[in-house]
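Just below is one structure, and these are the notes that go with it.
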Amino acid sequence: MTNGSSRHPLYTYSDPVLSLWQAAAAEVQRRHNSIQNRLAPTTGPGRTALETLLPMYDLMSPVDILGVPLREGQNIPSDITSSVTQPLKPLTLAASAEAAAPIPIDCAKVAAQFLWAEITGNKQKSEQYAGELKGSECDIGWGECLVAYLAYKASLSNLPYRPNEDPVFDLGQRTKLAIIGDWGTGDQVAINLLQQVAILEPQVLIHLGDVYYAGTHNEEQTNFLDICRHILGNDVLIFSLCGNHDMYSGGQGYYWLIDQIGQQASYFCLQNSDWQFLAMDTGYNDNNPITVSTNMTKLVTFGTWAEENWLLDKINLAVTRKTVLLSHHQLFSPFGAVGTVSGQRYAYNPNLRATFQAVMPKIAWWFWGHEHTLAIFNPYMDLQRGRCVGASAVPVFTDQQSYSSAGGLQTYGGLPAPTWVSGGQLGNNGTSYNNCFALMTLNGSSANVDYYQVPILGTASKLPIIDRI
């Protein structure tokens with residue numbers, strides 16, 4: 001059984017059940033840490049009673065027990081898919097470090113069994129394992145995590161969306177736009193990266209989506225907005241696209257965020273007399289890859305409203321303006337499947353391709369995230385400049401992703417897989433890749449994009465890439 005403590009706590013999986021549990025675990029940890037910071041007296045040198053309790057369990061471990069084999073295409077351990085055969089062992093709080101060290105594996109196991117029942121839609125077993133966790137004598141964190149998870153799940157019934165809006169924002173004299181992707185972790189790595197961005201004095205910040213773990217209200221505020229305002233102040237315009245993780249708790253947290261920043265909707269247009277930046281919502285239709293027959297996302301159709309019509313109108317009526325597209329999900333990738341159609345893994349998204357095929361020659365750049373990497377793609381599928389900027393905070397492990405083409409992918413028209421500029425590859429420390437961001441500078445009808453890599457808690461350095469019009 002995989003021990004969760006061996007994984008970085010921000011090791012993410014594109015499964016809403018696992019993401020909701022991660023969000024719940026993070027909330028419990030924050031709550032306890034806030035309490036322990038106020039507790040006195042301490043039970044030891046500089047330590048409170050809760051501080052000695054919290055290291056005794058790893059609430060994230062059930063996620064790795066399931067997430068690792070799911071990601072690797074392996075079988076779920078049989079002791080997780082089978083029924084509980086023995087009662088949970090109560091955890092005894094002991095003063096010695098030796099007694100406090102082991103994770104109560106029975107509790108982690110039952111939590112993993114509960115999550116597997118949730119993933120597979122087995123309501124009877126889900127209720128059974130939830131009852132086991134509530135009634136056990138495990139430390140209080142497991143029960144709290146279960147309650148928080150169920151509260152998040154209850155908010156999933158109706159995903160919000162705002163059709164029939166026309167959110168157009170004038171850039172005015174603003175010419176420096178920073179682009180980050182998959183940034184909303186709230187940890188020191190994310191904070192450091194945004195501090196590096198701030199040194200370059202951008203006037204607009206565009207986030208390509210995903211606030212972790214599940215886009216709850218607490219996460220959208222704590223992991224995104226509070227940090228942005230603290231580092232960038234109130235003069236920098238902030239925009240955030242809708243990613244799949246933003247929808248995993250039902251979307252209410254994401255819509256709270258865009259109301260706070262005045263964005264109005266999950267799609268929007270930034271423009272001046274020479275340029276327009278069009279953001280689309282690809283997260284809405286990737287809110288739950290377990291229940292959706294295919295995880296090949298598409299744009300939103302809501303009643304008689306079709307988001308693609310709004311976007312295409314902006315492109316076709318741009319006159320002399322050049323167009324930059326923004327999305328969370330990628331149009332294509334050589335590194336792994338973008339999605340599946342009838343069981344076939346695809347290197348491109350045929351839905352997004354169909355939407356923009358006729359106007360692709362009018363697209364100057366298309367920036368996306370979702371994949372936790374930086375890739376400066378060569379022209380492909382009639383798109384001159386496809387750019388993935390999805391590695392702005394989430395740990396990008398060398399054993400999780402690499403700069404090599406995956407096999408077995410259906411490419412567009414049977415063409416070779418997309419290629420990328422090697423000079424734009426991120427460096428690594430042997431375990432994880434550097435993080436990244438982009439800075440676009442507008443100069444009339446011309447524009448230049450610089451790409452920066454940031455070692456963990458380090459200083460940004462510009463990559464030797466020329467990317468301009």
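By the 30° and 60° cut-offs, the orientation of the rings of H245 relative to Y248 is tilted. Between Y149 and F114, the ring-plane angle classifies as perpendicular under the 30° and 60° cut-offs. Ring-plane geometry between H370 and H329 is classed as tilted, the angle between the planes lying from 30 to 60 degrees on a 0 to 90 degree scale.
Counting heavy atoms from C-beta outward, I180 and I206 have side chains that stay 4.5 Å or more apart. Annotation: side chain of F367 is not in contact with side chain of L241 (no heavy-atom distance under 4.5 Å). Counting heavy atoms from C-beta on, the side chains of L463 and L374 come closer than 4.5 Å. I315 places a side-chain heavy atom less than 4.5 Å from the side chain of I363. Annotation: side chain of L237 is not in contact with side chain of L205 (no heavy-atom distance under 4.5 Å).
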In sequence, state the C-alpha distance, the side-chain angles, and the governing distance for F356 and W366, and then conclude on ring-ring contact (aromatic ring centres under 6.0 Å, His included). CA-CA 11 Å; F356 296 105; W366 187 338; 5.3 Å; yes
Test log, rule ring-ring contact (aromatic ring centres under 6.0 Å, His included), inputs F437 and Y451: CA-CA 6 Å; F437 64 90; Y451 300 90; 9.7 Å; no
F224 vs H207, test: ring-ring contact (aromatic ring centres under 6.0 Å, His included). Steps then yes/no. CA-CA 10 Å; F224 187 87; H207 178 227; 5.1 Å; yes
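When atom types are taken as modelled, the side chain of T355 and the backbone of N351 share a donor-acceptor pair closer than 3.5 angstrom. Here the side chain of H328 pairs a donor or acceptor atom with the backbone of L208 at under 3.5 angstrom. A donor-acceptor contact shorter than 3.5 Å is absent between the side chain of N287 and the backbone of L159. With hydrogens and angles ignored, the 3.5 Å screen pairs a side-chain donor or acceptor of Y254 with a backbone N or O of S240. Judged by distance alone, the side chain of S249 and the main-chain N or O of A214 form a donor-acceptor pair under 3.5 Å. The backbone N or O of A265 sits less than 3.5 Å from a side-chain atom of Q263, completing a donor-acceptor pair.
For an aromatic pair to be called close, the ring centres must be under 6.0 Å apart, and W420 with F335 satisfies this. Within the 6.0 Å centre-distance limit, the rings of F239 and F268 are counted as a close aromatic pair.
Counting non-hydrogen atoms of neighbouring residues, nucleotides and ligands closer than 6.0 angstrom, the CD atom of Q260 exceeds 12 such neighbours. Within 6.0 Å of the CG atom in N75, the count of heavy atoms belonging to other residues, nucleotides or ligands does not exceed 12.
For the atom pair D182 CG and E371 CD, the distance stands at 10.0 Å (nearest 0.5 Å). Rounded to the nearest 0.5 angstrom, T411 OG1 and Y346 OH are separated by 10.0 Å.
Electrostatic pairing of E308 and K298 does not count as a salt bridge here, judged by no charged N lying under 4.0 Å from a carboxylate O. Here R174 does not pair with D235 in a salt bridge; the nearest charged N to carboxylate O distance is not below 4.0 Å.
Across all their heavy atoms, C269 and Q276 have their closest contact at SG-OE1, 4.0 Å. Annotation for D170 and N272: closest pair OD1-CA, 4.4 Å, computed over non-hydrogen atoms. P62 and A108 get closest at one heavy-atom pair: CG-O, 3.7 Å. I191 and G186 get closest at one heavy-atom pair: CD1-O, 4.3 Å. Contact detail for I231 and A198: the closest heavy-atom pair is CG2-CB, 3.8 Å. T320 approaches S273 most closely through the heavy-atom pair OG1-O, 4.2 Å.
Of the candidates W305, F277, F302, Y267 forms a ring pair (Phe, Tyr, Trp, His ring centres under 6.0 Å) with just one, namely W305.
Relative to the six-membered ring of W275, R321 misses at least one condition, a distance below 6.0 Å or an angle of at most 45° to the axis. With F377 as the aromatic partner, R385 does not meet the cation-pi criteria of under 6.0 angstrom to the ring centre and within 45 degrees of the ring axis.
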